[in-house]
Amino acid sequence: MDNSEVARVFDRIADLLQIRDEPIYRVLAYRRAAESLRSLTQPVDQLWQEGNLEEIPAVGKAISEKINELLTTGRLQFYDRLTSEVPETLLDLLKVPDVGPKRIARFWKELGITTLEELEQAGRRGQLQTLSGMGEQTEKRILQNIESIKAQQSDRVSIDTAWNLASTFLKQLEELPGVVDAQIAGSLRRGRETIGDLDFVVASTETLHIIQKIMELPDVQKVISHGDTKVSIELKQGMRAQVWLHSPERFGSALQYATGSQSHNVKLRELALSQGLSLSEYGFKREDGTEILCPDELSVYGALGLPWIAPELREDRGEIQAASRGALPALVEEGDFKGEVHAHTDWSDGSSSILEMSEAAMEMGLTYLVISDHSASLGVANGLSVERLRSQREEIRAVQKKLGKRIRLLQGTEVEILADGRLDYADSILAELDFVVASVHLSMRQSKEKIMARYISAVQNPHVDLIGHPSGRLIGRRDPIDLDMEVLLKEASNSGIALEINAHPDRLDLNENNAKRAIELGCKLVVTTDAHSPDNFQLRRFGIGISRRAWVPAESIINTWPVDRFLKWVKSRT
DNA sequence: GCCGTTTTCGGCCCGACTGTTTTCAGTCG
């Protein structure tokens, strides 16, 4: 069982306990443990073997015993007992908005409902409104919500889809007369790899008027709720969004609040309380009732004696403690990048010429670009034979001549790690190249042993500089390769090879947990776009988000280094 | 059920909005 599977068990326990109306703090303890397991960078079974389960935050005696039982037997008696009392199918009902544990318990006990289908049928028959405290409106709403979750295939969208939607809507918000400031908040601002709904904060002195105007915006398909400080809407593709409205002098606390995460906010509010302050989206309240207003986020954190904490770190993974010790990592920013080391051209499966890609890289402010087209075995991507690889070198030289000193063009490759563990080019060919990315695109379903043997031989090849998209996953479409990430990262650390954070929104590979572990083990990283067209260079922001969420110090990302230092590092590898 | 430079027991964030309530419960973030 891996970390997320164990976490899932505890999440389900929390849900079942809540339906059973157990004390809320018991429920929250299981939720916190699940969240903690999800953000754990090491495999939980490693900590288990070392006897260190209770070192996991939010895991105490009771939960560590349950993890022990799960990892030993693959089952959990406590869970089995729970599901023999509360039907597991009730958990599906939690996906329906406006349906929570209290209502589920009543549907089950008073109407005998145990499945989503039964809930829908009962709603159609008008049975839900017969319960006290429930009426026609609520029943109608629940039926509509069931419709809309059935229409949606997934409840989360990729980060670029969310980004595009949010950017367009943000512009509409900014253009409303009376809006002083507007910003994206929520999980999109924190850079999570997939996004459930969108959050915005608007600063204005005439919020009531603005709320009216927001509801009339062209992108708004449905208004879910609206009040004095908040409007909740549905945008295109069924994407839900919330907009919070506050006066400019409260904008900082509102933005901080709406950015979350929820558990970060809880920790921050607890810290505030310990200093005699109550924190909310309105600002701070002292015990005497007077307020501290925060027009920007700096003053929110500042009031608690903390430096500003970057949104990507706000996940309750120790960032508040680190901030108070002055130990936050120096995170990378867009402007830090000097080079792109993974990019394709129309020599393989890219859309554009070497010249077009080079010009686009220059426009992004980059000073070096590695052309790294696919190797011969990747036939579907028009991979380069040794002959074509050498001809390509001539064209790269010609383009370099044309562009002069404004950008340094380098020839690399994304060489295939073949099914038998050999690389697709001989070492003598790799030695002719400036930079070598080695990746797996073929035979991804091999056994873990075979996969690891392939990766380890690539990692130990002194000509290879970078392992591309190590897990091979495609978010929502293809599971990661069955590999032992801990072993791969340790091998990479030993050999000094770099690992990729591939910024493509379908990949984001390494993911944040693996990238964080890579840093803990002393690996070097790169953030690449794996660009197949000039506009793909824009995708780097998503990889930057992952690296920041992984607490990666900018210094560890080798394509932030100037070209001379970068080349010196490459040379030192062989 | 977890946790501790206020505590090993007694705490555990704060508010908006809806619908069904004559004062609030439930859900959500």
Side-chain angles (χ1 to χ4, degrees), chain A residues 10 13-14 17-19 21-36 53-67 78 93-107 128-142 144-145 185-187 190 196-201 207 211 223-233 240-246 250 253-254 256-285 304 314 316 320-321 324-325:
Chain A
F10 291 127
I13 288 174
L17 289 176
Q18 207 171 0
I19 292 171
D21 202 25
E22 294 283 329
I24 190 63
Y25 292 112
R26 195 172 171 219
V27 172
L28 288 175
Y30 282 101
R31 280 203 205 296
R32 274 194 285 265
E35 199 47 50
S36 183
L53 283 178
E54 289 195 46
E55 282 174 17
I56 303 168
V59 172
K61 189 162 176 290
I63 292 182
S64 71
E65 278 169 6
K66 290 185 175 69
I67 296 175
F78 177 73
L93 275 58
L94 284 168
K95 294 195 203 90
V96 182
D98 300 318
V99 176
K102 291 280 197 311
R103 284 176 180 166
I104 289 175
R106 299 192 58 202
F107 294 154
L128 303 184
Q129 55 176 299
T130 63
L131 301 180
S132 71
M134 303 255 321
E136 203 184 330
Q137 300 291 325
T138 308
E139 184 175 75
K140 205 173 119 195
R141 240 177 130 91
I142 289 173
Q144 280 172 356
N145 289 335
S187 56
R190 301 200 311 278
D197 54 19
L198 302 177
D199 301 278
F200 302 89
V201 184
T207 55
I211 285 181
V223 175
I224 296 159
S225 70
H226 65 100
D228 295 347
T229 64
K230 180 184 164 184
V231 55
S232 187
I233 54 184
R240 291 200 169 190
Q242 274 116 196
V243 187
W244 281 272
L245 295 102
H246 285 276
R250 298 182 194 273
S253 28
Q256 194 287 318
Y257 158 78
T259 299
S261 64
Q262 188 131 318
S263 43
H264 172 86
N265 286 356
V266 168
K267 283 280 158 66
L268 208 62
R269 288 166 179 200
E270 285 173 356
L271 178 65
L273 279 178
S274 75
Q275 301 181 13
L277 297 167
S278 167
L279 172 61
S280 76
E281 58 265 49
Y282 291 90
F284 292 97
K285 233 183 233 166
L304 297 170
R314 302 181 195 169
D316 187 25
I320 293 174
Q321 298 90 315
S324 63
R325 291 199 314 268

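Order of the sequence lines sets the chain letters (A, B, ...), proteins ahead of strands, with each chain counted from 1.
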May I ask you to check whether Arg31(A) and Ser263(A) show a side-chain donor-acceptor distance below 3.5 Å?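 Short answer, no.
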
Pairwise N/O distances under 3.5 Å, protein to nucleotides 3-13 of chain B:
from: dC3(B); atom 1: OP1; to: Ala58(A); atom 2: N; distance (Å): 2.8
from: dC12(B); atom 1: O3'; to: Glu270(A); atom 2: OE2; distance (Å): 3.3
from: dC13(B); atom 1: OP2; to: Glu270(A); atom 2: OE2; distance (Å): 3.4
from: dC13(B); atom 1: O2; to: Arg269(A); atom 2: NH1; distance (Å): 2.3

Paired with dT8(B): which nucleotide, if any, by Watson-Crick or G-U wobble criteria at under 3.5 Å for both distances?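 Its partner is none (no Watson-Crick or G-U wobble pair with both distances under 3.5 Å).
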
Are side-chain heavy atoms of [X] and [Y] found at a separation under 4.5 Å?
X         : Y         : answer
Glu35(A)  : Asp316(A) : no
Tyr257(A) : Val201(A) : no
His264(A) : Arg190(A) : no
Asn265(A) : Gln256(A) : yes
Leu268(A) : Ile320(A) : yes
Val99(A)  : Ile104(A) : yes

What integer number of Å spans the [atom1] atoms of [N] and [M]?
N       : M       : atom1 : result
dG29(B) : dT23(B) : P     : 29 Å
dG1(B)  : dT8(B)  : C1'   : 14 Å
dT6(B)  : dC12(B) : P     : 16 Å
dC9(B)  : dC14(B) : C1'   : 25 Å
dC13(B) : dG4(B)  : P     : 15 Å
dG26(B) : dT20(B) : C1'   : 11 Å
dG10(B) : dA16(B) : P     : 33 Å
dA25(B) : dT21(B) : C1'   : 9 Å

In whole angstrom, give the distance that lies between atom [atom1] of [X] and atom [atom2] of [N].
X         : N       : atom1 : atom2 : value
Lys95(A)  : dT27(B) : NZ    : C1'   : 18 Å
Ile24(A)  : dC2(B)  : CD1   : P     : 16 Å
Gln242(A) : dC28(B) : CD    : C1'   : 8 Å
Arg250(A) : dC14(B) : CZ    : P     : 16 Å
Leu131(A) : dA25(B) : CG    : P     : 17 Å
Arg31(A)  : dG29(B) : CZ    : P     : 13 Å
Phe284(A) : dC14(B) : CZ    : C1'   : 13 Å
Arg240(A) : dT27(B) : CZ    : C1'   : 12 Å

Using a cut-off of 4.0 Å on non-hydrogen atoms, how would the nucleic acid contact of [X] be classed: base, sugar-phosphate, or nothing?
X         : result
Val96(A)  : sugar-phosphate
Lys267(A) : nothing
Pro97(A)  : sugar-phosphate
Ile63(A)  : sugar-phosphate

Over 60° means perpendicular and under 30° means parallel, so classify the ring planes of Phe78(A) and Tyr30(A), tilted if in between.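 Tyr30(A) and Phe78(A): parallel rings.
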
Taking the nucleotide of DNA chain B with the closest heavy atom to each, which residue, Val27(A) or Glu139(A), is nearer the 5' end?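 The residue mapped nearer the 5' terminus is Val27(A).
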
Would you mind telling me which residue lines up with the more 5' stretch of DNA chain B, Lys285(A) or Lys66(A), judged by nearest nucleotide?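 Nearer the 5' end of the strand: Lys66(A).
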
Taking 4.0 angstrom as the limit, do Glu65(A) and Lys61(A) come out as a salt bridge?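 Yes.
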
Listing time: all N or O pairs from protein to nucleotides 16-19 of chain B that are below 3.5 Å?
from: dA16(B); atom 1: OP1; to: Tyr282(A); atom 2: OH; distance (Å): 2.4
from: dA16(B); atom 1: O3'; to: Thr229(A); atom 2: OG1; distance (Å): 3.2
from: dC17(B); atom 1: OP1; to: Gly227(A); atom 2: N; distance (Å): 3.3
from: dC17(B); atom 1: OP1; to: Asp228(A); atom 2: N; distance (Å): 2.8
from: dC17(B); atom 1: OP1; to: Thr229(A); atom 2: N; distance (Å): 3.0
from: dC17(B); atom 1: OP1; to: Lys230(A); atom 2: N; distance (Å): 3.0
from: dC17(B); atom 1: OP1; to: Lys230(A); atom 2: O; distance (Å): 3.3
from: dC17(B); atom 1: OP2; to: Asp228(A); atom 2: N; distance (Å): 3.4
from: dT18(B); atom 1: OP1; to: His226(A); atom 2: N; distance (Å): 2.8
from: dT18(B); atom 1: OP1; to: His226(A); atom 2: O; distance (Å): 3.1
from: dT18(B); atom 1: OP2; to: His226(A); atom 2: O; distance (Å): 3.2
from: dG19(B); atom 1: O3'; to: Thr138(A); atom 2: OG1; distance (Å): 3.1

At what distance, to the nearest 0.5 angstrom, does NZ of Lys102(A) lie from CZ of Arg106(A)?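 Reported to 0.5 Å precision, the distance equals 11.5 Å.
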
Carefully, step by step, assess Ile142(A) and Phe107(A) under the rule side-chain contact (heavy atoms from CB on, under 4.5 Å). CA-CA 12 Å; Ile142(A) 289 173; Phe107(A) 294 154; 4.1 Å; yes

